[in-house]
Amino acid sequence: MTDRTADVVIVGGAVMGSSAACHLAQRTNFSGQVVVLEADPSYQTCASARSAASIRQQFSSEINIEISLYGISFLRDIGTNLAVSGEQPVIDLKEGGYLFLATPDKLAILEENHALQTKLGADIGLFDQGGLSNRYPWLTVDDLSGGCHGLSGEGWFDGYALLQAFRKKARSLGVDYVGERAEKIERTGADWCIHLSSGDRLSAPILVNTAGASGGAEICKQVGLSVPIHSRKRCVFTFECRETLPDFPLLIDPTGTYVRPEGAGFICGSAPAEDDDTDSSDFDVDYNLFEEHIWPTLAHRVSAFEAIKPGAAWAGHYDMNLFDHNAFVGPVPGIDGFYLALGFSGHGLQQAPAVGRGLSEIIISGGYETLDLSPLSIERLWSTTPLVERNVV
Ligand SMILES: Cc1cc2nc3c(=O)[nH]c(=O)nc-3n(C[C@H](O)[C@H](O)[C@H](O)COP(=O)(O)OP(=O)(O)OC[C@H]3O[C@@H](n4cnc5c(N)ncnc54)[C@H](O)[C@@H]3O)c2cc1C
């Protein structure tokens, strides 16, 4: 058994843990040792590797919009932000925009969200039924009264490449990645003592929980914190379409079903019905969801999707925050040296740049220096003041 020490231990080395590690290591006022514990260095099953990897400004809460505005600027400059020895990462960012569609009963909400998004600087166009029909001739608009399209600053990218770019940059700056699971966590004086799967122990005064759907809630439990974070399965289906549909955006149907281009084809998905959306950790694909709900919905919205060729599919897990579908980020009052970035509820990949940066600020300087992430503090759980986000996909 080996004992070692570090200044910061990050549990979970996928996109969030690696962004935090990278931002910590980039700071000029910090030269401490950062260790990232990652139970599965192949990253086969983590959300970061199974994501639809898209970024949008079309949220309803100010903090989520601000986070994504920073996110897109970071992704656009990823080559310079995360270059290692002159080698620039490529994440294949496509700014095709989200197209949120609204039925008459939801138009007022769409307009309200649009007003907030544009006030904060997001480049979102609002279109009435006629405008939608002119812009997207392939779209069935009979039951729609409007839609919002991200004209720039929204789109999709290679999420796995983003995770690897953060990881590579962090390692180049001296961050140590250890391919082991944090099995047990104890408090020993001013330090956290983390028992690893090998039997080794690692101690540090600062512990950051970025263990996602598969481990985040359990880590919290071990330090005496109860969080309403649950692992919820989401399936992604690929298909090819006979017709060419140029400049197709990431379309969000009023039912919540989404579809976007991927290579020469498309990917799509939808949350299961509420009653079927139970805690889950398996990776079985729910093909019924595609056959019975997703495909009929898409074929109604875009008639070209009546004739498609279904392809591969996969399942991943959201770290779903059942309290308000937003992440808990930052320090946990009353638990010294314990930090969270958990509960992203399906929008964590795009939030990784801002959240990693914010964590590095608050850990080292004791406060947020750029974007104030305190609206994401866990204190809102305790005061039962949810951060309501109406656009959860
Ligand atoms: C199908 C799907 C579609 C999505 N689409 C989008 C999207 O379009 N846009 C977007 O922004 N987000 C999307 N998301 C959400 C996004 O992928 C996640 O919010 C984000 O990847 C979370 O990153 P993370 O690093 O916090 O967690 P994860 O990627 O889950 O990583 C957690 C890591 O912690 C490790 N770990 C767990 N327990 C331990 C332990 N005890 N010790 C050591 N290591 C441990 C795991 O092995 C894992 O690698 C999607 C997610 C899914 C599943």
Side-chain angles (χ1 to χ4, degrees), residues 9-21 35-56 59 64 67-68 71-72 75 98 154-160 162-163 166-167 177-185 194-197 202 207-222 229 231-237 250 252 258 260 262 267-271 280-281 283 285 313-321 325-329 340-356 359 392-393:
V9 172
I10 298 174
V11 182
V15 78
M16 208 56 72
S18 294
S19 173
V35 174
V36 176
L37 290 176
E38 173 47 57
D40 174 18
S42 74
Y43 295 110
Q44 281 185 55
T45 57
C46 67
S48 302
R50 288 170 176 255
S51 171
S54 308
I55 177 164
R56 61 183 157 115
F59 287 96
N64 282 334
I67 284 175
S68 279
I72 193 70
L75 296 184
Y98 275 60
E154 293 190 325
W156 47 92
F157 55 96
D158 181 340
Y160 184 74
L162 177 66
L163 147 59
F166 271 128
R167 184 178 189 271
Y177 276 72
V178 174
E180 289 202 53
R181 170 171 288 277
E183 295 286 359
K184 193 174 140 205
I185 295 165
I194 301 122
H195 297 250
L196 310 186
S197 36
L202 181 57
L207 176 64
V208 184
N209 181 356
T210 51
S214 62
E218 172 60 27
I219 302 284
C220 287
K221 198 169 150 199
Q222 295 205 17
I229 311 283
S231 176
R232 293 287 165 93
K233 187 161 73 178
R234 291 294 180 269
C235 299
V236 182
F237 303 87
L250 195 162
I252 311 279
Y258 72 86
R260 73 156 170 84
E262 175 66 31
I267 63 169
C268 61
S270 182
S280 141
S281 56
F283 292 89
V285 172
W314 67 89
H317 297 91
Y318 281 9
D319 49 335
M320 188 71 95
N321 183 348
H325 294 170
N326 280 303
F328 293 132
V329 174
L340 286 175
L342 203 61
F344 289 92
S345 308
H347 44 267
L349 207 65
Q350 64 199 281
Q351 299 201 325
V355 169
L359 281 174
V392 176
V393 177

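Values below: all heavy atoms of this structure, side chains included; hydrogens, waters and symmetry mates excluded. Each ligand, and each atom within it, is numbered from 1 in the order the structure gives.
Nearest to atom 12 (N) of ligand 1 by heavy-atom distance, out of A341, A213, G346, is G346. When A217, C235, A211, G179 are ranked by how near their heavy atoms come to atom 36 (N) of ligand 1, first place goes to A211. Taking each of G212, A182, G216, G17 in turn, the one with a heavy atom nearest to atom 41 (N) of ligand 1 proves to be A182.
S48 is listed as a side-chain neighbour of L349, based on a closest heavy-atom distance under 4.5 Å. No side-chain heavy atom of I267 sits under 4.5 Å from any side-chain heavy atom of W156. Contact check for L342 versus C220: side-chain heavy atoms found under the 4.5 Å cut-off. Here the side chains of H317 and F283 are in contact, with some heavy-atom distance below 4.5 Å. Between I67 and F59 there is no side-chain heavy-atom pair separated by less than 4.5 Å. Contact of the Q350 side chain with the E154 side chain is not registered, since no non-hydrogen atoms from C-beta on lie closer than 4.5 Å. With a 4.5 Å cut-off on side-chain heavy atoms, V355 and M16 count as touching.
Checked options T210, L207, I194; the residue passing with L37 is I194 (criterion: side chain to side chain contact (heavy atoms under 4.5 Å, CB included)).
Close approach of ligand 1 to R50 (heavy-atom distance below 4.0 Å) involves ligand atoms 1 (C), 2 (C). For ligand 1, the atoms sitting less than 4.0 Å from at least one non-hydrogen atom of H347 are 10 (C), 11 (O), 12 (N), numbered in the order shown with element in parentheses. Using a 4.0 Å cut-off to heavy atoms of V236, the atoms of ligand 1 that qualify are 1 (C). For ligand 1, the atoms lying closer than 4.0 Å to a non-hydrogen atom of Q350 are 9 (N), 10 (C), 11 (O). Close approach of ligand 1 to A47 is summarised as follows: ligand atoms under 4.0 Å from at least one heavy atom of the residue are 17 (O), 18 (C), 21 (O), 28 (P), 29 (O), 30 (O). For ligand 1, the atoms closer than 4.0 angstrom to any heavy atom of S214 are 37 (C), 46 (C). For ligand 1 and S54, the ligand atoms under 4.0 Å from any heavy atom of the residue are 7 (C), 8 (O), 9 (N), 10 (C), 11 (O). In summary, the atoms of ligand 1 found under 4.0 Å from a heavy atom of G316, numbered by their order in the structure, are 53 (C).
Under the 3.5 Å distance criterion, the side-chain polar atoms of D319 are left unmatched by any main-chain donor or acceptor of A213. Y43 places a side-chain N or O within 3.5 Å of a backbone atom of G13 that can act as its donor or acceptor partner. Remark: side-chain polar atoms of S231 are paired, donor with acceptor, to backbone N or O of S280 under 3.5 angstrom.
Counting heavy atoms under 4.0 Å from ligand 1, residue V15 touches it through both backbone and side chain. Counting heavy atoms under 4.0 Å from ligand 1, residue Q351 does not touch it at all. Heavy atoms of T210 found under 4.0 angstrom from ligand 1 belong exclusively to the backbone. Only the backbone of A53 comes within 4.0 Å of ligand 1, counting heavy atoms alone; no side-chain atom from C-beta on gets that close.
Checked against a 3.5 angstrom limit, the closest N/O atoms of S48 and ligand 1 fall inside it. The shortest N or O to N or O distance between Y43 and ligand 1 is not under 3.5 Å. The N/O atoms of V11, backbone and side chain alike, include none that comes under 3.5 Å of an N/O atom in ligand 1.
For atom 26 (O) of ligand 1, the closest heavy atom belonging to the protein is M16 CB, 3.4 Å. For atom 31 (O) of ligand 1, the nearest protein heavy atom (residue, atom name, distance) is A14 CB, 3.1 Å. Counting only heavy atoms of the protein, atom 38 (N) of ligand 1 lies nearest to G215 CA, 3.4 Å. For atom 45 (C) of ligand 1, the nearest non-hydrogen atom of the protein is A39 CB, 3.8 Å. Counting protein heavy atoms only, atom 46 (C) of ligand 1 is closest to E38 OE2, 3.4 Å. Looking at atom 50 (C) of ligand 1, its nearest protein heavy atom turns out to be S51 OG, 3.5 Å. For atom 16 (C) of ligand 1, the closest non-hydrogen atom of the protein is L349 N, 3.6 Å. Here the heavy atom of the protein found nearest to atom 53 (C) of ligand 1 is H317 N, 3.4 Å.
S54 and R260 make their closest contact through OG-NE, 3.2 Å (heavy atoms, listed as atom of the first residue, atom of the second, distance). The shortest non-hydrogen separation linking D40 to Q44 is OD2-N, 3.2 Å.
Atom CD of Q351 and atom OG of S345 lie 9.0 Å apart (nearest 0.5 Å).
In this structure, E180 has a heavy atom closer than 4.0 Å to ligand 1.
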Exercise for the section: Mind running side-chain contact (heavy atoms from CB on, under 4.5 Å) on F344 and V329 for me, showing each step along the way? Expected result: CA-CA 9 Å; F344 289 92; V329 174; 4.2 Å; yes
Handout entry: Step-by-step side-chain contact (heavy atoms from CB on, under 4.5 Å) determination, W314 to T45
Key = CA-CA 10 Å; W314 67 89; T45 57; over 6 Å; no
